[in-house]
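Some notes on the structure that comes next.
Remember, predicted model here, so these are calculated numbers, not experimental data. Hydrogens, waters and symmetry mates play no part in the numbers below; they use all other heavy atoms, side chains included.
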Amino acid sequence: MIEVQNLTKQYGAKRAVDDLSFTVNDGEILGFLGPNGAGKSTTMNMLTGYISSTSGKALINGIDILDDPIEAKKNIGYLPEIPPLYLDMTVKDYLNFIYDLKKCKLPRKAHLEDVCSLVMITDVYDRIIRNLSKGYKQRVGLAQALVGNPPILILDEPTVGLDPKQIIEIRSLIKRLGQKHTVILSSHILSEIQAVCDRIIIINGGKIAADDTTENLTKNITADYRLIARIEGPREEILKTIKGISGVVKVVADMEREKGVYEYEIETKEDVDIRRELFKRLVSRNWVLLGLRTSEMTLEDIFLKITMGDEVVIRTKKSAENKPEEKAAEADSKDEEYEKKAEEADSKSEEQEKKAEAADSKDAEYEKKAVEQDKSSGASDKSEPAKRSSKKNKKGGKK
């Protein structure tokens, strides 16, 4: 069993892992997903004691990986993203070295033969690792994780470099291992995670963005309920008939698949099942229903929706029960938004008033200057006739 409690890893100002908490039960296969840089490998390195955490705890079968690393690591088989291989050794020498390194107590020859058989490397047992293909090197890395039969396996991209047949074989092996081991599996092959894992954790930006089974995530991540119906008949009349069914929110007709056959994407209200009513109406009009399926989100859709910056609300039973409270909270949020907008509007009005006052002040100043200029020009106009009369008087006196 693995218990992660408020695990955090800080690199200077960068927080690679931010307060992670989760539990992996015995015999559970956990898929660990996230985009590049999300903190997956950092988390795995902390769980295995390869690097220390800034704060928080990682308990391996109840043992803190930092307090007693040697005892905790006895319970772990770890395959990092780049397998830790000594390329100049043969597979046989390398696995014997790992056997000694782990201080394994199981019968050496029989145990190593079992491990090689499990990961299908018996035929390259005496070959030098450097000369092996990438797929075989990956399987040798997986073999070293299995040496000692540890109760916990942490596998980072275990099928990288394998061909399709080998991938299927390793998937089957991981499923079998999950019956006796606790497994954390990280992979970018989402179909692999969906096929193998009991539960999925998606981390984004160092935080847990989702934690559930694929089926539950599909149900809870969206409130959309869609059916895809392939129907033979007149397109416009079929659209009108489907729209008339109670509970239908939206209907869209896809391109013509066959002559006179279209696919219709039907969106309904939450928890409304229209399949029976749809069938009855089509039969009553002699239209042929050639196919009907639900349109569910794949793990890839879920992963992209969570990690591409979309605002995702994962609905749970508890949140469904508390819908009135949610609506009240939503109403409060809207009230706050309206108040904020009103305050912004008031602020803008005050700013406009200040600008208007400033403009009025400038106008008053211009008017004052204009009056002063008028007075000045008027005074100068009055002084000109006075000067002229003075000159005339002088001339008259001479006469």
With a 4.5 Å cut-off on side-chain heavy atoms, are [Y] and [X] touching?
X: T23; Y: M1; result: yes
X: T241; Y: R285; result: yes
X: Q10; Y: K14; result: no
X: N149; Y: K180; result: no
X: L118; Y: L173; result: yes

> Of all residues at least two apart in sequence or in a different chain, which pass the side-chain contact (heavy atoms from CB on, under 4.5 Å) check with V252?
Replying inline: K250
> side-chain contact (heavy atoms from CB on, under 4.5 Å) with K9: which residues, sequence neighbours excluded?
Replying inline: Y11, V17, T42, M46, I51, S52, T54
> Members other than F279 in its cluster, when Ile, Leu, Val, Met, Phe, Trp, Tyr link by side-chain heavy atoms under 4.5 Å?
Replying inline: L227, I231, I238, L239, I242, I245, V248, V251, Y262, Y264, I266, V272, I274, L278, L282, V283, W287, L289, L292
>> Checking S53 against L66 for the side-chain contact (heavy atoms from CB on, under 4.5 Å) test, could you report, in this order, the C-alpha distance in whole Å, the side-chain angles of both residues, the deciding distance, and whether it holds?
In response: CA-CA 8 Å; S53 59; L66 293 182; 3.6 Å; yes
Are any of the side-chain nitrogens in [X] or [Y] under 4.0 Å away from the carboxylate oxygens of its partner?
X: E256; Y: R235; result: no
X: D100; Y: R108; result: yes
X: K74; Y: E71; result: yes
X: R257; Y: E232; result: no
X: R199; Y: D212; result: no

Assess whether atom [atom1] of [X] is packed by more than 12 heavy atoms of other residues, nucleotides or ligands within 6.0 Å.
X: I82; atom1: CD1; result: no
X: K102; atom1: NZ; result: yes
X: I128; atom1: CD1; result: no

Is a donor on one side and an acceptor on the other found under 3.5 Å between the side chain of [X] and the backbone of [Y]?
X: D93; Y: M89; result: no
X: N6; Y: G56; result: no
X: S117; Y: E113; result: no
X: D163; Y: Q166; result: yes
X: T8; Y: D19; result: yes

Distance in Å, [X] [atom1] paired with [Y] [atom2], rounded so as to fall on 0.5 Å steps:
X: R281; Y: E277; atom1: CZ; atom2: CD; answer: 4.5 Å
X: E263; Y: L290; atom1: CD; atom2: CG; answer: 10.0 Å
X: K175; Y: D198; atom1: NZ; atom2: CG; answer: 9.5 Å
X: N45; Y: E81; atom1: CG; atom2: CD; answer: 10.0 Å

Donor-acceptor pairs under 3.5 Å, side chain of residues 130-139 to any protein atom, not counting sequence neighbours: which ones?
unit_1, atom_1, unit_2, atom_2, d
R130, NE, D88, OD1, 3.2
R130, NH2, D88, OD1, 2.7
S133, OG, Y136, N, 3.3
Y136, OH, D123, OD2, 3.0
Q138, NE2, E157, O, 2.8
R139, NH1, M120, O, 2.9

>> List the residues meeting salt bridge (charged side-chain N to carboxylate O under 4.0 Å, His left out) with R15, not counting sequence neighbours, and say none if there are none.
In response: D18
Is it possible for you to say whether [X] and [Y] belong to one hydrophobic cluster, with membership spreading through side-chain heavy-atom contacts below 4.5 Å?
X: I2; Y: I29; answer: no
X: I98; Y: V140; answer: yes
X: L177; Y: L47; answer: no
X: I200; Y: I208; answer: no
X: L33; Y: L185; answer: yes

Considering all heavy atoms, the nearest [X]-[Y] contact:
X: L7; Y: A58; answer: CD1-N, 4.3 Å
X: L79; Y: L142; answer: CD1-N, 3.9 Å
X: I65; Y: I76; answer: CD1-CD1, 4.3 Å
X: E169; Y: K165; answer: OE2-NZ, 2.7 Å
X: S187; Y: E192; answer: OG-OE2, 3.1 Å
X: I154; Y: T48; answer: CD1-CG2, 3.7 Å

> So, D156 and S41: side-chain donor and acceptor under 3.5 Å apart, yes or no?
Replying inline: yes
>> Side chains of Q5 and S21: any donor to acceptor distance under 3.5 Å?
In response: no
> Can L146 and L153 be said to form a side-chain contact (heavy atoms from CB on, under 4.5 Å), step by step?
Replying inline: CA-CA 8 Å; L146 294 172; L153 295 173; 3.7 Å; yes
> Which residue pairs satisfy the ring-ring contact (aromatic ring centres under 6.0 Å, His included) criterion with at least one member in residues 81-120, sequence neighbours excluded?
Replying inline: Y86-F97
>> Determine whether I184 and L155 satisfy the following criterion, side-chain contact (heavy atoms from CB on, under 4.5 Å), listing intermediate values before the conclusion.
In response: CA-CA 6 Å; I184 294 182; L155 310 176; over 6 Å; no
> For I202 and F32, what are the C-alpha separation, side-chain angles and deciding distance, and is it a side-chain contact (heavy atoms from CB on, under 4.5 Å)?
Replying inline: CA-CA 6 Å; I202 300 175; F32 203 55; over 6 Å; no
